[in-house]
Number of protein chains: 2
Amino acid sequence: MKATINDVAKQAGVSIKTVSRVINNETSVRQLTREKVQLAVDELNYQPNLSARNLAGAKSFSVAYIYDNPNAYYIIDMQEGILSACKKQGFELLIHPCDAKNENITEEVVNMVKHARIAGLILTPPLSEMPEFVKSLVDLDVKVVRIMSGDVAPDELSPCVMVNDREAAQTITQHLIDLGHKDIAFIAGDAKHMSTIERYKGYRKALKASNIDFNKSLIIEGDYSFDSGVSGAKQLMSTEGNNTRPTAIFSCNDEIAAGALFAARLMNISIPEQLSIVGFENSPFSRQTWPKLTTADQPNGQIAEDAANLLLSQVRKQKNQVTISQYVPKLIVRDSSAQCN
Amino acid sequence: MKATINDVAKQAGVSIKTVSRVINNETSVRQLTREKVQLAVDELNYQPNLSARNLAGAKSFSVAYIYDNPNAYYIIDMQEGILSACKKQGFELLIHPCDAKNENITEEVVNMVKHARIAGLILTPPLSEMPEFVKSLVDLDVKVVRIMSGDVAPDELSPCVMVNDREAAQTITQHLIDLGHKDIAFIAGDAKHMSTIERYKGYRKALKASNIDFNKSLIIEGDYSFDSGVSGAKQLMSTEGNNTRPTAIFSCNDEIAAGALFAARLMNISIPEQLSIVGFENSPFSRQTWPKLTTADQPNGQIAEDAANLLLSQVRKQKNQVTISQYVPKLIVRDSSAQCN
DNA sequence: TTAACAATTGACAGCGCTGTCATTTTTTTA
DNA sequence: TAAAAAAATGACAGCGCTGTCAATTGTTAA
């Protein structure tokens with residue numbers, strides 16, 4: 001049957017307390033003893049019992065991933081990344097989906113954290129972008145790590161893993177500029193999401209860097225949906241009115257881009273010959289359109305694993321690892337963008 | 001601070017063992033006592049500590065959802081449905097993604113079940129369709145519930161929640177027949193998946209019921225991907241060769257249908273005027289195409305919750321709930337199917 | 001009415017581990 | 001070389017609960 005700490009202690013010829021010290025990486029164990037114990041651990045393939053640990057100890061070995069589901073692909077990637085880190089470090093992961101728009105969300109999560117004795121939390125947008133909510137959690141005795149859009153953490157509430165959407169958006173806009181485009185439209189995502197704001201900033205920055213005049217009529221409000229891509233592109237490419245027709249569209253995510261692509265087809269505009277369209281996120285969508293989308297890729301699994309490791313090192317009170325990591329989504333050039341003619 | 005069983009016992013004026021009996025719904029507690037305890041539980045908002053339960057008891061209060069990720073939307077829906085049931089019954093859910101193609105998968109999962117002392121497992125396709133794998137798990141002391149495609153369970157290994165793809169496929173094919181279509185093509189999903197086989201059977205059954213001759217050239221092999229939809233539709237609609245051009249295409253899922261839709265556009269075939277295309281699954285894809293897809297919807301969250309409840313009642317050894325449920329995906333008529341002319 | 005039985009309840013050990021504190025061993029200092 | 005200080009180790013309680021079994025109470029039959 002499964003080996004317990006007693007078996008290891010017996011095999012190593014030490015007390016269970018010493019075994020406990022070794023598996024918890026505590027100081028005050030002689031090197032020789034440590035090795036003896038480690039050997040026994042390996043031989044017996046011993047793995048500490050999480051329930052016992054959680055019950056006995058002051059600290060907990062559970063962390064939770066709280067999410068509001070904006071995008072199933074994103075969530076799954078995040079979840080699997082976090083899970084992978086937790087598994088490696090012998091932590092348990094609780095999954096807690098919730099609704100960011102729900103008024104009682106703070107209370108709900110606080111209760112959950114208290115009841116399950118959770119040591120740490122990982123938050124992704126939009127939850128990570130709700131300061132009040134984050135504040136309430138930090139005020140409990142729970143570590144928090146947020147994954148957010150931006151280049152630097154917006155506050156000191158918790159460590160963050162930043163995704164530099166701004167820089168990526170600048171790069172992707174620059175890509176369009178390099179192809180000779182000047183009239184580049186921007187179809188925004190939800191205005192409340194930091195990522196939309198950041199991507200917009202990057203877009204503006206790229207224009208400015210190339211001395212391209214900003215044209216407000218090329219900015220369309222959207223909401224990260226396929227539909228907003230369709231209507232946005234229709235509006236932009238309509239021949240009525242006196243607006244400038246863009247030669248390229250920067251869509252705030254791939255869904256919008258897919259919608260724009262579709263609208264273009266309806267209007268008999270060929271992509272990328274007559275119009276370049278780029279997306280953002282490198283979601284499966286971007287490979288399931290024709291032509292395939294030029295987009296920006298972010299390694300979500302890796303970001304998640306990174307965030308989880310950051311959280312776990314906090315929880316274990318190892319050196320206050322203040323290494324705030326930053327990721328910059330990477331331009332992926334596919335077939336939906338081409339030279340402007 | 002959090003109330004423990006001791007607090008409840010004190011408040012109710014009974015021993016902790018009696019409290020334990022009440023919260024575990026055991027017999028041999030007088031009605032009056034039960035009510036007294038329940039009152040104290042409610043007043044103190046007592047919730048049993050999972051770690052303590054798992055540690056002390058012979059039985060475990062953890063179940064796991066093992067999945068191989070074929071489709072993020074599906075997984076998320078399932079996960080949330082299962083989670084909801086577990087929460088209600090005070091069970092903990094462990095999430096375990098894995099790779100069905102991995103050779104050591106059985107060993108991996110068996111180890112995990114043993115180590116985490118898991119009481120029950122929920123399996124979805126493709127894992128639920130791997131008899132050897134399921135057998136190995138059932139042979140452990142762990143309850144299993146499978147979600148599968150079909151009308152009746154294929155074996156006695158475990159209770160199943162069946163999704164009757166066959167009947168749904170028949171209905172959706174019948175829908176096309178009712179619209180006057182006779183040359184109805186079928187683009188298959190992965191041939192290894194039961195769902196593909198079932199949907200194919202339903203398709204054949206509908207044809208037969210209406211005395212429509214089966215035309216093998218209208219069957220295309222696919223793999224549940226957008227690309228296979230594109231190439232399948234191209235092949236079907238090509239004017240070269242001497243094959244019959246279908247007036248309708250039954251796609252084995254929405255992704256295939258989206259691909260077919262796209263191919264049709266490329267070939268200047270207007271949907272649904274010249275060609276009807278139907279999907280299956282009612283995934284977000286189906287609403288993000290133009291025209292929107294006629295498809296079949298399955299209530300994944302509900303199916304999952306059902307499966308979880310079935311599992312939990314097994315685990316708790318409540319009446320051997322042999323109620324095997326069956327779901328039939330429901331036809332959703334949208335804009336991609338129309339009268340044949 | 002009382003013995004015999006069944007139903008109900010409780011005392012207590014122990015699940016596997018960590019925290020506290022006492023004990024032993026080693027190292028340093030005088 | 002011995003005393004003092006520091007490091008390493010262990011004994012033991014107890015986390016919150018369940019399982020076992022004994023004690024108590026209630027119920028039925030004689």
Side-chain angles (χ1 to χ4, degrees), chain A residues 1-38 40-41 44-62 90-92 114-117 119 315-317, chain B residues 1-38 40-41 44-62 90-92 114-117 119 315-317:
Chain A
M1 210 28 224
K2 278 202 62 245
T4 73
I5 199 171
N6 282 295
D7 303 325
V8 177
K10 211 168 292 171
Q11 171 119 353
V14 298
S15 75
I16 59 168
K17 183 65 219 187
T18 298
V19 176
S20 172
R21 288 196 179 93
V22 172
I23 61 179
N24 285 294
N25 224 348
E26 286 171 25
T27 52
S28 286
V29 181
R30 211 182 309 164
Q31 185 56 29
L32 189 71
T33 314
R34 192 179 295 277
E35 279 161 12
K36 244 181 356 187
V37 171
Q38 194 56 56
V41 165
L44 296 172
N45 188 27
Y46 167 72
Q47 292 177 276
N49 178 313
L50 263 175
S51 295
R53 280 184 140 179
N54 279 331
L55 186 58
K59 39 186 188 297
S60 136
F61 288 81
S62 303
F91 274 70
E92 175 183 53
K114 279 190 188 161
H115 178 249
R117 282 190 70 239
V315 167
R316 304 172 71 165
K317 279 161 191 154
Chain B
M1 206 34 221
K2 276 203 62 243
T4 73
I5 199 172
N6 281 295
D7 305 324
V8 177
K10 209 168 293 171
Q11 170 121 353
V14 299
S15 74
I16 59 168
K17 183 64 219 185
T18 299
V19 176
S20 172
R21 289 196 178 93
V22 172
I23 61 179
N24 285 293
N25 224 347
E26 286 170 24
T27 52
S28 286
V29 181
R30 210 183 310 162
Q31 185 57 28
L32 188 70
T33 315
R34 192 178 294 277
E35 280 161 14
K36 244 182 356 187
V37 171
Q38 193 57 55
V41 165
L44 296 172
N45 188 26
Y46 167 72
Q47 291 177 277
N49 178 312
L50 264 175
S51 295
R53 279 184 141 177
N54 278 330
L55 185 58
K59 39 186 188 297
S60 135
F61 288 81
S62 303
F91 273 70
E92 175 183 51
K114 278 190 189 160
H115 178 248
R117 282 191 69 237
V315 167
R316 305 172 69 165
K317 279 162 190 153

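Each chain gets a letter, A, B and so on, in the order its sequence line appears, and its residues count up from 1.
Using a 4.0 Å cut-off, some side-chain N or O of B:Thr18 falls inside it from OP1 or OP2 of C:dG10. OP1 and OP2 of C:dT8 both lie 4.0 Å or more from every side-chain N or O belonging to B:Thr33. For A:Arg53, a side-chain nitrogen or oxygen approaches OP1 or OP2 of C:dT18 to under 4.0 Å. One finds no side-chain N or O of B:Lys17 lying less than 4.0 angstrom from the OP1 or OP2 phosphate oxygen of D:dC17. Proximity of A:Asn54 to the phosphate of D:dC15: no side-chain N or O atom is located under 4.0 Å from OP1 or OP2. Between A:Ser20 and the phosphate of C:dT18, there is a side-chain N or O to OP1/OP2 separation shorter than 4.0 Å.
A:Thr33 is not listed as a side-chain neighbour of A:Arg21, based on a closest heavy-atom distance of 4.5 Å or more.
The shortest non-hydrogen separation linking A:Gln47 to A:Lys2 is O-NZ, 3.9 Å. Nearest heavy-atom pair, A:Ser51 versus B:Asn54, reported as atom, atom and distance to 0.1 Å: OG-CB, 3.4 Å. Taking every heavy atom of both residues into account, A:Phe91 and A:Leu50 meet most closely at C-CD1, 4.5 Å. B:Arg117 and B:Gly57 make their closest contact through NH2-O, 3.2 Å (heavy atoms, listed as atom of the first residue, atom of the second, distance).
Comparing atom distances between the B:Ser15 side chain and each of C:dT18, D:dA11, C:dA11 picks out C:dA11 as nearest. Taking the side chain of B:Ile5 as heavy atoms from C-beta on, and the options D:dA8, D:dT18, C:dG16, the nearest nucleotide is D:dT18. Nearest nucleotide to the side chain of A:Val14, out of C:dG19, D:dG10, D:dC17: D:dG10.
For the pair B:Leu32 CG and C:dA7 P, the computed distance is 19 Å after rounding to whole Å. The nearest whole Å value for the distance from the NZ atom in A:Lys36 to the C1' atom in D:dA8 is 11 Å. Between the C1' atom of D:dG16 and the OH atom of B:Tyr46 lies a distance of 7 Å, rounded to the nearest Å. In this entry the distance linking CZ of A:Arg34 with C1' of D:dA8 reads 11 Å, nearest Å. Residue A:Glu26 contributes atom CD, which lies 7 Å from atom P of C:dG19 at whole-angstrom precision. The nearest whole Å value for the distance from the CD1 atom in A:Ile16 to the C1' atom in C:dC15 is 12 Å. Rounding to whole angstrom units, CD1 of residue B:Ile23 and C1' of D:dG16 are separated by 10 Å. As rounded to whole Å, 13 Å separates atom C1' of C:dG19 from atom CG of A:Leu55.
Between the side chain of A:Arg21 and the base of D:dG10, a donor-acceptor pair under 3.5 Å is found.
At a threshold of 4.0 angstrom between heavy atoms, the contacts of B:Thr4 are confined to the sugar-phosphate backbone, with no base atom among them. In this structure, A:Phe61 reaches neither bases nor backbone, as no heavy-atom distance under 4.0 Å exists between it and the strands shown.
Each of B:Gly13 and A:Asn49 lies near DNA chain C, and the nucleotide nearest B:Gly13 is the one positioned closer to the 5' end. With the nearest nucleotide of DNA chain D identified for both B:Gly57 and B:Arg30, B:Gly57 has the one nearer the 5' end.
Under the side-chain contact (heavy atoms from CB on, under 4.5 Å) test applied with B:Val22, the options B:Lys36, B:Gln38, B:Lys17 reduce to a single match, B:Gln38.
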